[in-house]
Participant: 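Following this message is one structure expressed as structure tokens.
This one's a predicted model, so the numbers in the text were calculated from it and none came from an experiment. The basis for the numbers below is simple: all heavy atoms, side chains too, and nothing from hydrogens, waters or symmetry mates. First listed ligand is number 1; within each ligand, the first listed atom is number 1.
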Amino acid sequence: MNIILLGPPGAGKGTQAHKLVAEKGMVQLSTGDMLRAARSSGTSIGNQVAEIMDSGSLVTDEIVIGLIEEQLDAGVGSNGIIFDGFPRTLAQADALGALLKAKGKRLDAVIEMRIANDEELVQRVSGRFTCGNCGAVYHDQTKPTKVEGTCDQCGGTEFKRRPDDNAETMRTRLLAYYKDTSPLIGYYYAEGKLQTIDGLGEIDDVAARVSGALAAADA
Ligand code: AMP
């Protein structure tokens, strides 16, 4: 299945995408991860987007559509693709539809992870950190590592915090979500592809809701 995880920053899209990758062998295409990788390797795209990402605004449609096109051209995702953080605008949604069609692929479902509480989202991203080795996601208050300074999953000892995971930048990121991305809820509802789930709660409970939505879309 090819699916989109749609939701505001901090809704848990990346966390649920990691679970689907591990459990179903799907491929996660996260434009945020691709842009961060471009920045750390110092490519020209990376240099172009650094300031915009740090401000919490959206980078241009052209750049992110190009990144997704490259992956689809490379033929990724024979076991299904999870689009995570893409599309984020109506123009990106149109472009994705055209790209999938050109590859003979279809979009099976769009899962909207709803959390209508901005304070909860700000809290979630403010304490977020990841293992620099395996990418496991932790939180200072709600999900610390079992042993301080050591990743539960791989034993790594280097951790990363995103510069845009702070309360101030979150205001801009949330505004971008409500203004530019939330219209996609109506767009995919009209296509009959939208499944909305409650994004609040324990990771495994949310994962069960994601599975339920996928099963409903597959029926
Ligand atoms: P994310 O990791 O999905 O939260 O994305 C981090 C940042 O990368 C966003 O705040 C944007 O600046 C940029 N970004 C990621 N994906 C997109 C996209 N599909 N469209 C525009 N900007 C994006």
Participant: Do other residues, nucleotides or ligands put more than 12 heavy atoms under 6.0 Å from Lys103 NZ?
Facilitator: yes
Participant: Which ligand 1 atoms, with their elements, are less than 4.0 angstrom from a heavy-atom of Thr31?
Facilitator: 15 (C), 16 (N), 17 (C), 18 (C), 19 (N)
Participant: Atom 11 (C) of ligand 1: which protein heavy atom is closest, and how many Å away?
Facilitator: Ser57 O, 3.4 Å
Participant: Judging by distance only, is a nitrogen or oxygen of Leu35 under 3.5 angstrom from one on ligand 1?
Facilitator: no
Participant: Do any N/O atoms on Val59 end up under 3.5 angstrom from N/O atoms on ligand 1?
Facilitator: yes
Participant: Which option, Lys13, Arg88, Arg39, owns the non-hydrogen atom nearest atom 3 (O) of ligand 1?
Facilitator: Arg88
Participant: Test your reading of the model: is there a side-chain donor-acceptor pair from Arg39 to the backbone of Met34, 3.5 Å cut-off?
Facilitator: no
Participant: Please answer whether the main-chain N or O of Ala37 pairs with a side-chain N or O of Ser41 as donor and acceptor at a distance below 3.5 Å.
Facilitator: yes
Participant: Of Met170, Gln92, Arg173, which has the heavy atom at the shortest distance from atom 19 (N) of ligand 1?
Facilitator: Gln92
Participant: Tell me the nearest of Arg36, Met53, Glu51 to atom 2 (O) of ligand 1, using heavy-atom distances.
Facilitator: Arg36
Participant: Say whether, by atom type as modelled, one donor and one acceptor occur between the side chain of Lys13 and the main chain of Pro8 under 3.5 angstrom.
Facilitator: yes
Participant: What atoms of ligand 1 come within less than 4.0 Å of a heavy atom belonging to Gly85?
Facilitator: 16 (N), 17 (C), 18 (C), 19 (N)
Participant: What I'd like to find out is whether the side chain of Thr31 reaches to under 4.5 Å of the side chain of Phe83, using heavy atoms alone.
Facilitator: no
Participant: Would a distance-only check, ignoring hydrogens and angles, find a side-chain to backbone donor-acceptor pair under 3.5 Å from Asn2 to Arg106?
Facilitator: yes
Participant: Tell me every residue that passes ring-ring contact (aromatic ring centres under 6.0 Å, His included) with Tyr178, counting only those two or more places apart in sequence or in another chain.
Facilitator: none
Participant: Under 3.5 Å between any N/O of Arg162 and any N/O of ligand 1: does that happen in this structure?
Facilitator: yes
Participant: Looking only at distance, does Asp33 have an N or O less than 3.5 Å from an N or O of ligand 1?
Facilitator: no
